[in-house]
Amino acid sequence: MASSSRMESDGDDEAEAEAEEEEVEHFDDFTLASSWERFISDIEAVCRQWMADGPKNLLKKDAREVSEDLYKVKSELKFSAKNYCMEYYFGNKNEGKVIDWNSTLHDLQLCFGVKEFLVIAPQSASGVVLDAPEASKLLSAVAIALSNCSSLWPAFVPVHVPSRKAYIGIQNMGTVFTRRFEADHIGSQVPVKLMHLEGLYELFVSKFAYSTLDISMHLFKVHFTMKLTYRSLPHDDDIQGDDPNVTESEIDLGGDTHNRTQWDDDCPWSEWYSAEDPIKGFELVAIWSEKVVESSLEMAELENYSPHEAQNWILSPDMSSSLTDSSKGNRIGFASQLCLLLEALNLSFEAQFMEDFVSVENPGSDNLKSSMVIPPPTVIDRVLKELFHDGARFPDVAAAEHKTARAIKGAPLESLFAQFCLHSLWFGNCNIRAIAVIWIEFVREVRWCWEESQPLPLMPTTGAIDLSTCLINQKLHMLAICIERKRQLNEDFQDCIGSQDHSSPQIEEDSLDEESSSIMQTPGENFDGKRDSSPATSDDSQHSENSVSIVSTKSEDAEPTNLKPSDCIRRGSAGVAGHMMLLKSYQSMHAPFTQEAPLMTEDMHEERLHAVEAFGDSFNFSAQLEKEILASDMSAFKAANPDSVFEDFIRWHSPGDWESDDTKETGSSKSPAIEGLKADWPPQGRLSKRMSEHGNLWRKIWNDAPALPASEQKPVMDPNREGEKILHYLETVRPQQLLEQMVCTAFRASASTLNQTSYGGLKQMATKMDQLYITMTSALRPLQANPLSPGSETIEDIRRLCGVFEHVEKLLAIAASLHRKFLQAPRLSEAIFSDCCSFYFPRMGTSSSGDNAQKEFDKKQPVGAHERLVVSNMFTPPTANQSWRKVLSLGNLLNGHEPILREIIFSKRDKISGNHYAARTPTIYQEEVETYRMYTCGTSNDLRVALSVVSCD
């Protein structure tokens, strides 16, 4: 119905009369029209509005996205007391021809080769028209409305029952031709003839050939294209290890390689848990490009073709649904256990000692006992056995740690405490009571190692304490060193008791020098300073004899008394200290073996720092703190240089406190033979101001220090005392302090374990790991700075970190699975993983509500010619247990696998001019038109057929 605009006038009666007359003139009276005519008018009005808006304006209004480049708008209509919904499907780019096998096509686009179309259906539970007359009347109404609009949109009506996916449709192709559509589905008892290409070909030909002809004896030019879909068998059917690195000899030796049943047996996390393969299988699409077939015999031959002869291969992974399911308990991994450890940290504030969580006298432990289960003693024994008895066999994987792992104040992955934390994650579901039990037993085992002087597994017995690690790891490292030194002292004591004979002084001195190398620093010291990195040369070793070398040539500038050989015995010398000479004796200065500086953990450094702050930052007090070390070095220096003075020690130990005189003169009448030896003697210079002060503490220590080599000195660090202090700390550590260190270490160790995963050249995965370590460092830093308080925001931050960790863990499983499957086709693994990152990472951890969250992963990748062999090998021939499942019937087998879906498009094209459709045809139709088109989609159990026919009306 047309409407006219009202004219705006201020009271002109004549103008109003003309306006009323104009309205009457353009008014269409529908009072005598039927309801069906009104229904056609309503459809026409909606279609005109959609045509006027066009795709761009519809996208701005209320269009909804159906798939990639396919949108729809809808309108509700009413006819004969029934409500209908009419939907218009369109694309943003409607130019060009429909691509037959585009994966984003709508079902009707694929069946009938259309681009934009209308669908009208009743608003009912089934959404289809069950009555044939009603369907015909409904389709006629739409066809008339579209004809009135001069629209060429095809229109469809769903009929029968939803499971049949049946449609009827019509399209006005202009003034002469009309295309009609029909689709239906056979759900069971498919005729055997229609299971084969030959029968389907004859079915299509029968739609246009005369019924009296023998189709098999005549030639008909039919355009044919086919798409076959193959699906690999589930991995749980037959996962025989196919690792190319496993040799036959390993299998023959009776290893457990042949017993592998999990896909991730060679992944680093398999020691702790078994992950579901995120890639359940693959779907391979093989596409034969369009070709002309002239007989049913050709179709029979095509059925025997190998999929390798198809022009295009497209691969898509079948991804596990657990990747986007974030419900608790759905997936077991490091992330889930770290969340439980965080809950244990939250409960650790309720007690003063770890024993309180398992003590029967603790009144608050009843609730804990009822909800938290402790594993049986056999499990505890197994864990302790793996840590302390089998632990020595753990590989050294320090190189596998990420470059930024040290920024997290935890224990290294290969350390004892890190392994304890990883075991705790899986012990008793990581509840606080279970952790308390395993910690108490862990400390008891550590004490046994101490008391029995047994090496502490997985801990180095040398080296400096790494203060970047957590305090417990520092304590265990220091305890391992104490155990080793305690053992050496016991061995030395036993050797002394068993030795009754005394050798000559020279032999005794040699033996002392040899013994010193085991408990003191080796000759790898810089003789110009206190310590050095180069060993003593053979020439240097000659100076460590029991007597000092005698220089026969006298110096003009030296006093004769200073040039006399010393009667004292040199002991504990590590070699000559460069070209330095003693001040009061014309002898080379020797660097002594010295005791190592006492080891200190982080808390010991803090105690010393607090003491300095309390007593002031004076030089004398700082020296007092270092008195034992200084006295030991002075005694060793005196033993190595019997004729040395305090100034000699300062020149060697603290060169900055010796001010050399650069203006000294050297005589020109010196003998050339000895000029190189005595040119710099005696050394000219003086002590610094602080060393020359009256009452200097260093000089007092020098005067009191006896001449003893390091091998005869009392150890600076008492291993017995320090070991007991460490055990006391471990036995009395506060629960929250223990759990804080466990959280940091567990995150670091878990990430380092995952970082060992082999995923090839997937740069995106490496980037995700880098980002994870940065996030962990930031989130865990508050645990290193200040003690936590109950209800701290830090715990919530770490809980969010667990979510990030879970996302990366899932992506890593995808990367590992792809790498193992595409070792010989890295491009495919990189392309598929890139699609997975784009699709899954934004969805991981989000709720399942919303349209976007419901979408399944449907990304596909083309397979290159050189990659086909790798892909086809994934479709392993079915075993005897698998072959009974289906009766092979479709042909085109891939390694014994029949296609799970076969789709075919038959088409026949004719030139309209001069054929039986029309004697006179407009010029616009002098080109080929697809007069017949049949789409079939089926398996051995069902078949769907969609037919479109062009006719002249």
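Counting from 1, the numbers follow the sequence of the chain as shown. Note that the structure is a prediction, hence the values are computed from the model and not measured. Note: hydrogens, waters and symmetry copies are ignored here, and every other heavy atom, side chains too, is used.
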Looking only at heavy atoms, what is the nearest atom pair of Asp265 and Ser270, with distance? O-OG, 3.1 Å
When rounded to the nearest 0.5 Å, the distance separating NE2 of His807 from CG of Leu772 is 11.5 Å
Would you say the side-chain atoms of Glu441 pair up with the backbone N or O of Leu384, donor to acceptor, closer than 3.5 Å? no
Check side chain to side chain contact (heavy atoms under 4.5 Å, CB included) between Glu722 and all other residues, then give those that pass, not counting sequence neighbours. Met478, Cys482, Met604, Met717, Lys725
dist Leu347:CG -> Leu739:CG (nearest 0.5 Å) comes out at 9.0 Å
Does Leu730 form a side chain to side chain contact (heavy atoms under 4.5 Å, CB included) with Leu476? I'd like the steps, not just the answer. CA-CA 9 Å; Leu730 297 177; Leu476 291 174; 3.9 Å; yes
Name all residues meeting the salt bridge (charged side-chain N to carboxylate O under 4.0 Å, His left out) criterion together with Asp466; count only those two or more places apart in sequence or in a different chain, and write none if there are none. Arg406
For the pair Glu724 and Arg447, find out whether any cationic side-chain nitrogen is under 4.0 Å from an anionic carboxylate oxygen. yes
Closest approach of Lys810 and Ser322, non-hydrogen atoms and distance? NZ-O, 3.3 Å
Test side chain to side chain contact (heavy atoms under 4.5 Å, CB included) on Ile814 and Met319; report intermediate values, then the result. CA-CA 9 Å; Ile814 297 175; Met319 309 300 292; 4.0 Å; yes
So with a 6.0 Å cut-off around NZ of Lys859, is the heavy-atom count from everything else above 12? no
Hey, does the side chain of Ser750 reach the backbone of Phe747 with a donor-acceptor pair shorter than 3.5 angstrom? no
CD1 (Ile279) and SG (Cys836) are apart, to the nearest 0.5 Å, by 6.0 Å
Mind checking what makes side chain to side chain donor-acceptor pair (under 3.5 Å) contact with Trp269, not counting sequence neighbours? Asp264
Which residues pass the salt bridge (charged side-chain N to carboxylate O under 4.0 Å, His left out) test with Asp797, sequence neighbours left out? Arg800
When you measure from the side chain of Asn431 to the backbone of Arg433, do you find a donor-acceptor pair of N or O atoms at a distance under 3.5 Å? yes
Residue pair Ala344 / Cys430: nearest heavy atoms and the distance that separates them: CB-O, 4.1 Å
With the threshold set at 4.0 Å, does a side-chain nitrogen-carboxylate oxygen contact exist between Glu451 and Lys486? no
Derivation and outcome, side-chain hydrogen bond (donor to acceptor under 3.5 Å, both in side chains), residues Gln488 and Glu484: CA-CA 6 Å; Gln488 289 179 357; Glu484 178 64 19; 3.3 Å; yes
Considering all heavy atoms, the nearest Ser320-Tyr840 contact: O-OH, 4.5 Å
Within the side chain of Glu809, is there an N or O that forms a donor-acceptor pair under 3.5 Å with the backbone of Phe334? yes
Do side-chain atoms of Gln741 reach the backbone of Cys470 as a donor and acceptor pair under 3.5 angstrom? no
Rounded to the nearest 0.5 Å, how far apart are CZ of Arg734 and CD of Gln352? 5.0 Å
Can you tell me if Ser336 uses its side chain to pair, donor with acceptor, with the backbone of Ile332 under 3.5 Å? no
Measuring from atom OG1 of Thr601 to atom CD1 of Ile465, what distance do you get when rounded to the nearest 0.5 angstrom? 7.5 Å
Those residues that, when tested against Gln454, pass side chain to side chain donor-acceptor pair (under 3.5 Å) (two or more places apart): none
Parallel, tilted or perpendicular: which one describes the rings of Phe442 and Phe420, with boundaries at 30° and 60°? tilted
Verify side chain to side chain contact (heavy atoms under 4.5 Å, CB included) between Leu762 and Glu830, making sure each step is shown before the conclusion. CA-CA 6 Å; Leu762 300 179; Glu830 292 176 9; 3.5 Å; yes
From CA spacing to verdict: side chain to side chain contact (heavy atoms under 4.5 Å, CB included), Cys267, Tyr759: CA-CA 10 Å; Cys267 293; Tyr759 49 79; over 6 Å; no
Closest non-hydrogen atom pair between Val383 and Phe427, with its separation: CG2-CD1, 4.1 Å
Verify the distance criterion only: is there a donor paired with an acceptor across the side chains of Glu740 and Gln736 at less than 3.5 Å? no
Counterpart residues, ring-ring contact (aromatic ring centres under 6.0 Å, His included), relative to Tyr729 (two or more places apart): none
Check: Lys763 main-chain N/O paired with Thr767 side-chain donor or acceptor under 3.5 Å: yes
Please answer whether the main-chain N or O of Ala749 pairs with a side-chain N or O of Thr753 as donor and acceptor at a distance below 3.5 Å. yes
Answer yes or no: is there a donor N or O on one side and an acceptor on the other, between the side chain of Arg485 and the main chain of Pro719, under 3.5 Å? no
SG/Cys744 to CE/Met776 distance, rounded to the nearest 0.5 angstrom? 10.0 Å
What closest approach, in Å, do Ser424 and Ile438 show between heavy atoms, and which atom pair accounts for it? OG-CG2, 4.0 Å
Test your reading of the model: is there a side-chain donor-acceptor pair from Ser817 to the backbone of Ala813, 3.5 Å cut-off? no
